[in-house]
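Read the structure below first, then the notes.
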Amino acid sequence: MAVSGVLMVLFIIAHMAGNLHIFEGREEMNDYAHGLRTFGEPILPHESLLWVLRLGLIASIGAHLWSGIVLSRRAHLARPVKYAHRHKARGESRGAYGVMRWGGITIAAFVVWHLLDLTFRTVNPVKDVPDAYGAVVATFAPERWPVTVFYLLALVALGFHLRHGIWSAVQTIAGPGPVWRRRWQAVALTVAAVVVAGFAIVPLAVSFGLVS
Amino acid sequence: MKLRLRIWRQSDAESKGKMVSYVIDGVSEDASFLEMLDVLNEELIADGEDPVAFDHDCREGICGACSLVIDGQPHGPQAATTTCQLHMRQYSDGDTIDIEPWRAGAFPVVKDLVVDRSAFDRIIQAGGYISAPTGTAPDAHAVPVPKADADAAFSAAACIGCGACVAACPNGSGMLFMAAKVAHLGLMPQGQPERHTRVLGMVAAHDEAGFGGCTNTGECSAACPKEIGLDVIGRLNKDFRKAAARAA
């Protein structure tokens with residue numbers, strides 16, 4: 001859970017930063033998208049960076065999903081009779097239980113849509129793959145507002161997921177003392193907020209006509 | 001004060017239990033929670049009914065026997081307090097109080113509110129000890145221990161093994177209990193020879209007993225009557241990784 005999660009967090013931060021190229025204009029954004037494909041050429045083969053990322057992400061998603069299923073299953077078996085009186089959570093990561101599982105499923109569903117939309121372009125009006133800028137503008141067009149709403153909803157789920165996930169991964173891998181645990185919880189909250197803001201600004205800018 | 005109690009009644013391990021309502025009057029606010037249950041049981045016995053079975057022993061918060069989930073919270077609403085140290089002044093006239101046993105597959109109900117916590121004993125047997133030559137007690141200053149380590153080990157050693165961490169955990173994990181023992185012994189020079197076999201053995205016994213996995217929600221620490229912190233879990237994770245790498 002922790003190692004695969006950390007790898008995906010690093011990807012997400014890079015992805016979020018890359019998206020901001022859209023504010024530079026159509027040409028710069030498409031150059032960036034093209035650059036990802038031609039990175040390292042001619043020494044490395046075409047799309048070598050993308051394939052490293054794709055294989056790494058597929059392995060991470062597989063490991064993350066498998067760990068999540070094992071943990072959920074163990075939790076289910078560990079409490080066969082539920083409490084009649086449920087008290088609200090009061091732990092340091094209160095609410096994380098539902099946030100991680102249901103939020104994780106929401107994020108997974110979103111990723112499927114996101115790939116069909118902006119990678120494979122199956123559900124995107126712009127089929128021309130090199131025109132990444134055009135595809136983003138088309139998918140978040142004001143009349144396609146449910147797409148934007150789903151995107152923002154998935155982002156909220158991602159934000160809560162990261163707020164618990166980042167410090168929980170540090171707890172598993174590094175085992176910090178009480179002071180550093182608090183610091184990592186603050187780092188997790190900050191990273192989650194920055195990631196949500198950095199991703200959300202793109203569809204919002206398109207929907208409100210700042211980028212067209 | 002007059003209270004309505006809804007208590008889990010289950011006649012034995014095999015039978016199916018249910019919540020049963022009782023009304024108790026004239027409860028003194030100076031009574032402890034367990035004394036209130038004693039009064040209820042005297043009334044039940046006088047009426048020819050089966051008294052409510054619950055675990056208790058020292059009634060001074062140090063033995064770890066008392067184990068009631070009160071209104072969904074292990075050991076009730078007061079922080080850093082065992083059930084036996086909880087007093088009725090926390091409640092007001094007319095309150096309804098739900099009382100349930102620890103809920104975990106690894107802690108099967110024996111009767112009513114009493115659960116079998118021998119799964120914890122099996123975890124201790126799998127590594128929660130040190131091997132030391134017997135004889136007369138060594139001088140206290142014979143083995144120097146840094147003050148910070150002694151303090152951290154003492155905080156972890158405050159664990160009374162009550163199982164509130166398991167009862168509170170949404171995953172039904174015994175991680176905090178196990179980690180408290182690993183930290184307590186692993187911080188002391190006497191605990192070093194078995195440091196790696198201890199963590200591997202205890203984790204295996206924990207998983208074997210059917211406890212869930214830890215997802216760092218922190219509910220355990222919030223429910224712990226001895227306020228054991230989540231840092232012991234981080235320490236167990238580190239020790240486990242080193243031990244597993246060495247064993248591989």
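Residue numbers begin at 1 in each chain, while the letters A, B, ... track the order of the sequences. The figures here come from the full heavy-atom set of this structure, side chains too, leaving out hydrogens, waters and symmetry mates.
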Would you say that more than 12 heavy atoms from the other residues, nucleotides or ligands in this model lie under 6.0 Å from the [atom1] of [X], or not?
| X | atom1 | value |
| --- | --- | --- |
| A/F23 | CZ | yes |
| A/H15 | NE2 | yes |
| A/H46 | NE2 | yes |
| A/F160 | CZ | no |
| A/R183 | CZ | yes |
| B/Q192 | CD | yes |
| A/R163 | CZ | no |
| A/W184 | CH2 | no |

Largest heavy-atom contact set with chain B, pairs under 4.5 Å, which of [options]:
| options | result |
| --- | --- |
| A/R86, A/H85, A/M100, A/H87 | A/H85 |
| A/L71, A/V170, A/L77 | A/L71 |
| A/P178, A/A96, A/S72 | A/P178 |
| A/A174, A/A78, A/A89, A/G177 | A/A78 |

Pairwise distance [atom1]([X]) to [atom2]([Y]) - rounded to 0.5 angstrom:
| X | Y | atom1 | atom2 | value |
| --- | --- | --- | --- | --- |
| A/R90 | B/T217 | CZ | OG1 | 11.5 Å |
| A/T172 | B/L236 | OG1 | CG | 10.5 Å |
| A/H164 | B/T215 | NE2 | OG1 | 5.0 Å |
| A/R79 | B/R103 | CZ | CZ | 9.5 Å |
| B/E100 | A/K82 | CD | NZ | 12.5 Å |
| B/D98 | A/Y83 | CG | OH | 12.5 Å |

For this session: Heavy-atom pairs under 4.5 Å with chain A are the metric here; pick the option from B/V69, B/N237, B/D71, B/V166 that has the most.
Result: B/D71
For this session: Name the option with the most non-hydrogen atom pairs under 4.5 Å to chain A; the candidates are B/A152, B/P170, B/A209, B/C220.
Result: B/P170
Using heavy-atom distances under 4.5 Å, tell me whether [X] contacts chain B through its side chain, its backbone, both, or neither.
| X | result |
| --- | --- |
| A/R181 | side chain |
| A/P176 | backbone |
| A/R182 | neither |
| A/A2 | neither |

Seminar exercise, completed: Between A/G91 and B/A222 the two heavy atoms that sit nearest each other are CA-CB, 4.0 Å
For this session: Looking only at non-hydrogen atoms, find the nearest pair between B/A104 and A/P80 and report the distance.
Result: C-CD, 4.2 Å
Exercise. Does some side-chain heavy atom of B/D231 sit less than 4.5 Å from a side-chain heavy atom of A/W180?
Worked result: no
Region of [X] that comes under 4.5 Å of a non-hydrogen atom in chain A:
| X | result |
| --- | --- |
| B/D207 | both |
| B/A223 | both |
| B/A167 | both |

Exercise. Is the backbone N or O of B/G218 less than 3.5 Å from a side-chain atom of A/E92, with the two atoms forming a donor-acceptor pair by type?
Worked result: no
Exercise. Are the side chain of A/Q171 and the backbone of B/L230 linked by a donor-acceptor contact shorter than 3.5 Å?
Worked result: yes
